[in-house]
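Numbered from 1 within each chain, the chains take letters A, B, ... in sequence-line order.
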2 protein chains.
Amino acid sequence: MINLYKDEDKALVAVDCIIFGFDNENLKILLIKRDFEPERGKWSLMGGFLKKSETLDEAADRVLRHLTGLNNVYLEQLRGYSKVDRDPVERTLSLAYYALINISDHTEINEEYSAKWFNIDEAPSLIFDHQEMVRYAISRLRYRAQTKPIGFELLPQKFTMKQLQSLYEAILGEKLDKRNFINKINGLDILLKLDEKDMNSSRKGSYLYTFDELKYRAKVSDGFTFKL
Amino acid sequence: MINLYKDEDKALVAVDCIIFGFDNENLKILLIKRDFEPERGKWSLMGGFLKKSETLDEAADRVLRHLTGLNNVYLEQLRGYSKVDRDPVERTLSLAYYALINISDHTEINEEYSAKWFNIDEAPSLIFDHQEMVRYAISRLRYRAQTKPIGFELLPQKFTMKQLQSLYEAILGEKLDKRNFINKINGLDILLKLDEKDMNSSRKGSYLYTFDELKYRAKVSDGFTFKL
DNA sequence: TCAAAAGTGTTGACCCTACACCCATGG
DNA sequence: CCATGGGTGTAGGGTCAACACTTTTGA
């Protein structure tokens, strides 16, 4: 077959990851300090180039694994960024992804990148159009967290109601009413209340819960839709 | 500056457009019949390759203008598709866009492409991953139509309440109650009721409306959010 | 016994849905 | 005068937001 495409322009394709974490108080993003040109020394999203043999999802996965050592992380593609001179070295298209990771997992951040967690409202300014990507990621996360039970990706497997509420407050950027929040969550009926208590935060101790994914899936296939 | 990127793989980048239209009854998409390889004779989305000198949005715009002759069309990027062998000729990344066009505009469909309008539920099967793109586009359109006043892009500038309701019914894929719909739309207070009537559909005639974009913008900057 | 966080229900306001009849007109 | 689509309002149910006190226990 003759190649009809041979006269078309090609481009470098990158993926850039907005990596969200939660420390029981603030929503954070993981940034790296570039020790290579261009923009050496500036803060940046973690990224990498798409290889011929992999999909975008696989590239994002690889990039993330390289930085955090984590597998099976929640990753969602956001959109493509394509300003012609967004990267001064060469025309590079970038596909932004966001990832949700549980900071308390034994995450071994690769020291090669001088990575650091920042509160989303205290992050330094970023290279290229990365700032714009972060803004978009936050808005997508806000939406998604209200329509899919993805919040649990950011929490340890066992968590308290307080932690869950703090997480949603951090994502949504607003305080929520404790009783209303708990009533709503309980109404969804997708959590499992354990017999175990977390004794770290109070003398009384607070019950631990887990997300019951099987029950959630069963309910979904029965017409249920998560709605916070 | 030395080029640090020179060993990285490059890829062809395409844009593919899901072009929506509305004929006062059904939501439609515009497909082209390929008269070139690969997949000659099959139905496909309209697409084209990204050039070095343009952004993705500009490429989508160009592709759309080439097919329909239209400028200033509502276009929104959806996401990238990247299966390694999605195009059998060469590794090609595609960014899907959807467009909303008003069929009654003097649209001159370029005959070079043997394009044809199909009801969204009666479209033929498409090449590559275009089917998947269409599904995603419909779901994004459904969401967007409930949170942004984009429906008007699919209607003539002057329209009746009946047309607007039929449009939303077509987008959402469900029948709506006439009085509730009208109450809700009037509650938004972003339409201008004209003195003019459309006499084509009934003896009594029905009032024409236009979308009052200025009022809408003013309300938005005053904290209002469109919600159907 | 006291400090500190956990846990627990109710009420009023508002919004959404269901629903049916009269109007205006051209033929 | 009649057939056809256009236009209009209300009542009941459900959902959401506001709100405060009691419990537990380690120090």
Rounded to whole angstroms, how far apart are OH on Y209(B) and C1' on dG7(D)?
-> 9 Å
Which parts of nucleotides 22-27 of chain C does protein reach within less than 4.0 Å, heavy atoms only, written one letter per nucleotide 5' to 3' as B for base, S for sugar-phosphate only and - for none?
-> -BBBBS
Flag, side chain of K42(A) to backbone of S125(A), donor-acceptor distance under 3.5 Å = no
Return the nearest nucleotide to the side chain of R179(B); candidates are dT17(C), dT8(D), dT10(D).
-> dT8(D)
Side chain of N180(A): nearest nucleotide among dA18(D), dT10(D), dG6(D)?
-> dA18(D)
Value for CG (N26(B)) from CG (N24(B)), rounded to nearest 0.5 Å, stands at 10.0 Å
Measure the distance from CG on D177(B) to C1' on dA20(C) and round it to the nearest whole Å.
-> 11 Å
For the pair E39(B) and R34(B), find out whether any cationic side-chain nitrogen is under 4.0 Å from an anionic carboxylate oxygen.
-> no
Spacing between K193(A) atom NZ and dT8(C) atom C1', to the nearest angstrom = 10 Å
Only one of K162(B), E169(B), Q163(B) passes side chain to side chain donor-acceptor pair (under 3.5 Å) with Q165(B), and that residue is E169(B)
Can you tell me how far P of dA18(D) sits from CG of N183(A), to the nearest Å?
-> 14 Å
Parallel under 30°, tilted from 30 to 60°, perpendicular over 60°: which one fits the rings of Y143(B) and Y143(A)?
-> tilted
Counting heavy atoms from C-beta on, name the nucleotide in dG5(D), dA6(C), dG7(D) closest to the side chain of Y207(B).
-> dG7(D)
Write down the distance between CD (E174(A)) and P (dA17(D)), rounded to a whole number of angstrom.
-> 9 Å
For K175(A) and dA18(D), what is the distance between atoms NZ and C1' respectively, to the nearest whole Å?
-> 17 Å
Lys/Arg-Asp/Glu bridge criterion (N-O < 4.0 Å) met for K83(B), D129(B) = no
Mind calculating the distance between NZ (K184(A)) and P (dG14(D)) to the nearest angstrom?
-> 19 Å
Could a donor-acceptor pair under 3.5 angstrom be found where the side chain of K178(A) meets the base of dG7(C)?
-> yes
F211(B) ring center within less than 6.0 Å of F159(B) ring center = no
Calculate the interatomic distance between N24(B) atom CG and dG5(D) atom P; express it in whole Å.
-> 15 Å
Nucleotide nearest S206(B) (side chain, heavy atoms from C-beta), chosen from dG7(C), dG7(D), dA20(C) | dG7(D)
